[in-house]
4 protein chains.
Amino acid sequence: MIVSLKSGADAANVLRELTGRGLWVSRVERSTSGGAVHYVIAPHSQPADPEDLARIDGVAEVTTPKPAHPLVSAQGPVVDVGGLKIGTDKPVFMCGPCSLESEAQVHETASVLSSLGISFIRGGAFKPRTSPYAFQGHGDVALEWVRRAADATGMRVVTEALGEGHVPTVAAYADLVQVGSRNMQNFSLLKAIGKTEKPVLLKRGMAATIEEWLLAGEYLLSHGAKGVIFCERGIRGFDDSTRNLLDIGAVALLRYVHRLPVVVDPSHGLGRRDLVAPLGRAALSAGAAGLMIETHPDPASALSDGPQAVPLGELGSLLGRLVSAEGAR
Amino acid sequence: MIVSLKSGADAANVLRELTGRGLWVSRVERSTSGGAVHYVIAPHSQPADPEDLARIDGVAEVTTPKPAHPLVSAQGPVVDVGGLKIGTDKPVFMCGPCSLESEAQVHETASVLSSLGISFIRGGAFKPRTSPYAFQGHGDVALEWVRRAADATGMRVVTEALGEGHVPTVAAYADLVQVGSRNMQNFSLLKAIGKTEKPVLLKRGMAATIEEWLLAGEYLLSHGAKGVIFCERGIRGFDDSTRNLLDIGAVALLRYVHRLPVVVDPSHGLGRRDLVAPLGRAALSAGAAGLMIETHPDPASALSDGPQAVPLGELGSLLGRLVSAEGAR
Amino acid sequence: MIVSLKSGADAANVLRELTGRGLWVSRVERSTSGGAVHYVIAPHSQPADPEDLARIDGVAEVTTPKPAHPLVSAQGPVVDVGGLKIGTDKPVFMCGPCSLESEAQVHETASVLSSLGISFIRGGAFKPRTSPYAFQGHGDVALEWVRRAADATGMRVVTEALGEGHVPTVAAYADLVQVGSRNMQNFSLLKAIGKTEKPVLLKRGMAATIEEWLLAGEYLLSHGAKGVIFCERGIRGFDDSTRNLLDIGAVALLRYVHRLPVVVDPSHGLGRRDLVAPLGRAALSAGAAGLMIETHPDPASALSDGPQAVPLGELGSLLGRLVSAEGAR
Amino acid sequence: MIVSLKSGADAANVLRELTGRGLWVSRVERSTSGGAVHYVIAPHSQPADPEDLARIDGVAEVTTPKPAHPLVSAQGPVVDVGGLKIGTDKPVFMCGPCSLESEAQVHETASVLSSLGISFIRGGAFKPRTSPYAFQGHGDVALEWVRRAADATGMRVVTEALGEGHVPTVAAYADLVQVGSRNMQNFSLLKAIGKTEKPVLLKRGMAATIEEWLLAGEYLLSHGAKGVIFCERGIRGFDDSTRNLLDIGAVALLRYVHRLPVVVDPSHGLGRRDLVAPLGRAALSAGAAGLMIETHPDPASALSDGPQAVPLGELGSLLGRLVSAEGAR
């Protein structure tokens, strides 16, 4: 945003007015023959109303960029997934194993989750693995397992569509289609998923700016998606003491500035089972609409990401620590 | 940490045991003539007890690095600053302006903070400014202002020692000596401050790993500091929509893994006054021992960092939003 | 790699031997009952031969991780693309517009490139754009244009397969199939491209580690690709004075440590036409097998990335500056 | 920079003109009652002359920020250090051990360097070490060693002033005073060094933007420094396969855009002795005024950073590979 001053205006006073509104400004001015002064508002400023700024004494006009993602901006903070509203004051939990490993595992998991009042079962049928030699998921059959288990227990299914070829099947079996971090800017996939007209959970890319993330959401909505829920799952950091760097500031920014629903995945965020509780609490405190948490009946034998999975038998007490006032201490 | 296997051990079983304990492992083995197998535990794993691992069937021995920062590791989660314990369940607030601008400003601020039950007044007499042409602080006289104001209201003073030359004066006037981010690895300064035998608030450098931060604390303690409180204030990120990237995961890591007191500065963390409440709440939920919040009687006329300062008149309601259950929403 | 010491060995001497070989080591040892000492070699050390280390006096054995990407490790530094060898001492140039905009543009470009002795024409038929409202490429017809233009001038074609659906067509028209940065870990796409049995140019993801990049190459080779050429095009940095951060160290690492062919894209790397010459020279000096450079007959009217395109009429003199000894000054 | 359009101007044509000049632009405009259109030039654009842009048909005026670092901008590309000009076409080499370890070591080193025609001996008397328990340098006596050795061989001395207290002594013994990475924003130190009126080698901080680096130089010059030579030595990256991430783009930016002398330290940059040659060559190709290279008579027994030191006996052949056309291959 640019705030342009009238000729002869009291620039120092305009600066005070802008600063008082929480705006970081830099000044540009006519360097040659003198005259024009503009204040440029930095992107890390809090939101400002151009109409309000235009009324400051000495301001000639306020100009702004054209909206880059009109559909995302218009979506609003609540998304409906099969009748369940995500983004209200009541947090939503999405739990389950990293990989869907067997029908028995899925049913056991669904049964426990359901008894804890959790609304979504998660789990991958297709797994994005860094190495081609790692377990790649059981594929279509796993989608059948998780659908049946969800139907039997009254839960909803969120699962990832890893490639364009999987989109029709995933859309048929899932209530909420997940886009993984590595695919956040896989534009062909975003278009294909958008066309299914399903609601989508869009994980943030590991080095994606907020603006790029919102524009990925715009791809989905402009191709037909029925709502986008954003998911912060940790970005790339420089410290190896956590698996990723969970950006809780981004959660508050999406919730309070962009007014969008954000779910946080503290399991991938830090990669440490022992810190899921404090980070989950922090995410909810910062405005998260819900949490995605990896759980497994027996993490020791999980086919992927066992170390960060919470044992299924401990999930109930974890949930208690997430919502009680003293839980994190 | 390295877990070495006995010859002929069931390596898959040991792997399951390690994974079940939340450990991320990679395997190294004798590549030439066969034989030895070791599992190397990744740094982003949760803590493990070597004695426990040594008892796993098939494990020959467990070896660990020598402790790098024994004094920091032994300090414990609570530090006493002039009789006030920091690191207990009761969060501590450190509030005040970025710069100490006048005696009147300081007294007005102290009076309001004191009435809100805040225990520390903060403010800079010496300011680390990116440009040599920016306001550099009022210097020694400002230390007298803040000391008198604190004494008059029963508060404690935290303020930064910017250079070695300022250390004796800052140590004489402050209850808690602050090391700024840009000086986290200014080892001459750390040694000089340590020798004053004061407690220290050590801000994290903008690209410092957790290990480097702890070692900076070790410099302080090994030279005499009476306790180190760590302060997360945002690291350098790649997104310009916040001033810095607040690393809430680091807070949980210091609190729950290293058992150390951490104060969080959400004002610098995001540089956005409008997000101090959700990030402050998130920090406390993640285990922060307290918050450092910039406030100013009139942010519009602040000599530095006005856009991120909370107006003094709004601080009371902000504190309410930080501690109430629904505050952030 | 782990170097394990014999009981009673002179650990200080072993450390000297390892350090003398350019290895950064950390020491782990039996913390409880004493005994075992291992030296762990840091990943940022230069390569070492386990057999050589095993012969150091006092060393009991040397263990190493299992190779993670055997096909990439075995590939070698030279890849053949339609009879042209890439990775020899003679650098290869891949030039052309960001987007293939019209048949006339493509032919004009091919004609000039050919006259300059450039072996590859590049250009996108499908464009990965951050915004869904930006120009997305002319699609299949543009592949026909570029194929005809290349055939008419004796050049080769490198172009990106943006989605799985485009793979068969791109493979039919291109000599070298490009995977873009945003798709480096689009594993479905990597598999589909691998199956075409074409050589592939694999751009590095914006936050990809070297290891992740090599593993993406392993996906390609393990599914059939006839050689992988890596392409460094800039990673995400924290400074907005260049569009990306060109990692020239990675080029040397791939060339001299992993013995693989790397092409560098200085156009995307910095996003600044004025710095293509010095960075292109630097890349070649660091071991790059070639350069990918964006050029356009009229950058002012380019449909994408005009500011970084070198005007076609200036490409000849740029090439001169790249290969002459004093070119960059 | 902001390019403001005349009312009724052909905005598309102005955009073409700007793009044609290599400028990345975003458009801001009056959103409410229509009218004003500005083009904002992105910081990652190549330099533009405001007068030139003001002459584009349809442009009303061009406004620019006030220069932030006038003394740095006015310095120019060549700095004189005791009669030796740095920043000319002839590269300068600064070689020596990480730490000055003994008088014998320093004399042996100086003798070899001198015979190779190297103009500067480097080495630390005071060492910034991450751990307080690591070797901290021999202090003042080491400054005497290096001064005597340099005088005996006709070389110049560059060495680091680690703290304010060391400044007078370092200034007395060194020809060029070094500021280390960790102290780039130690403003008290910058002021103290500036006042000595010596030329300064200013290493870039590990997460410093170019602008912050230039402003640190402005601190030095505005307090009296007789010239600032910038030194790129690697920034913090996310990949552990090199010790740091050497930013060669920054070298070109300082040399060709800001017209300042830059020396590159490939030893710290990657931390790998085996890659000093290709990275050193790349740095020179990108416009570096010289190289700082760590060398040691016996790296195996170095008190610090042995793994990255080039054996003194191999330095001659390394220099040959740096300056010959085929050296890096």
Q: Taking heavy atoms only and a threshold strictly under 4.5 Å, list by residue number the residues of residues 20-28 of chain B that touch chain A; give 'none' if the list is empty.
A: Gly20(B), Arg21(B), Gly22(B), Leu23(B), Trp24(B)

Q | Exercise: do Ser181(A) and Arg204(A) side chains pair donor with acceptor under 3.5 Å | A | no

Q. Does a donor on one side chain sit under 3.5 Å from an acceptor on the other, for Arg272(A) and Gln308(A)?
A. no

Q. Which answer fits Asp298(A), side chain, backbone, both or neither, if we ask what part of it has an atom under 4.5 Å from a heavy atom of chain B?
A. neither

Q. What residue in Leu15(A), Thr209(A), Leu18(A) has the most heavy-atom pairs under 4.5 Å with chain B?
A. Thr209(A)

Q. Checking heavy atoms, do the side chain of Pro266(A), its backbone, both or neither come under 4.5 Å from chain B?
A. neither

Q.
If you count heavy-atom pairs within less than 4.5 Å of chain A, which of Arg16(B), Glu211(B), Glu17(B), Arg243(B) leads?
A. Arg243(B)

**Q.** Inter-residue atom distance His258(B).NE2 - Trp213(B).CH2, 0.5 Å rounding
**A.** 10.0 Å

(Q) Need one label for Leu253(A): side chain, backbone, both or neither, based on atoms under 4.5 Å from any heavy atom in chain B. (A) both

(Q) Nearest 0.5 Å, please: how far is CD1 in Ile235(A) from CG in Asp247(A)? (A) 4.5 Å

Q.
Is the shortest side-chain heavy-atom distance between Asp265(A) and Lys203(A) below 4.5 Å?
A. yes

Q. Chain B: which of Pro299(A), Gly280(A), Ser241(A), Gly271(A) shares the most heavy-atom pairs with it under 4.5 Å?
A. Ser241(A)

Q: Check each atom of Thr242(A) against the heavy atoms of chain B and say whether the ones under 4.5 Å are side chain, backbone, both or neither.
A: both

**Q.** Flag side-chain contact, heavy atom, 4.5 Å: Tyr256(A) against Asp274(B)
**A.** no

(Q) Between Ala208(B) and chain A, with a heavy-atom cut-off of 4.5 Å, which part of the residue counts as in contact: side chain, backbone, both or neither? (A) backbone

Q. Who are the ring-ring contact (aromatic ring centres under 6.0 Å, His included) partners of Phe135(A), not counting sequence neighbours?
A. His138(A)

Q: First locate atom NE2 of His296(A), then atom OG of Ser304(A), and finally report the distance between them rounded to the nearest 0.5 Å.
A: 8.0 Å

Q.
I'd like to know whether CG of Asp49(A) has more than 12 heavy-atom contacts from other residues, nucleotides or ligands below 6.0 angstrom.
A. yes

**Q.** Side chain / backbone / both / neither for Val257(B) at chain A, heavy atoms under 4.5 Å
**A.** side chain

Q) Hey, are the side chains of Leu214(A) and Ile210(A) touching, using non-hydrogen atoms and a 4.5 Å cut-off? A) yes

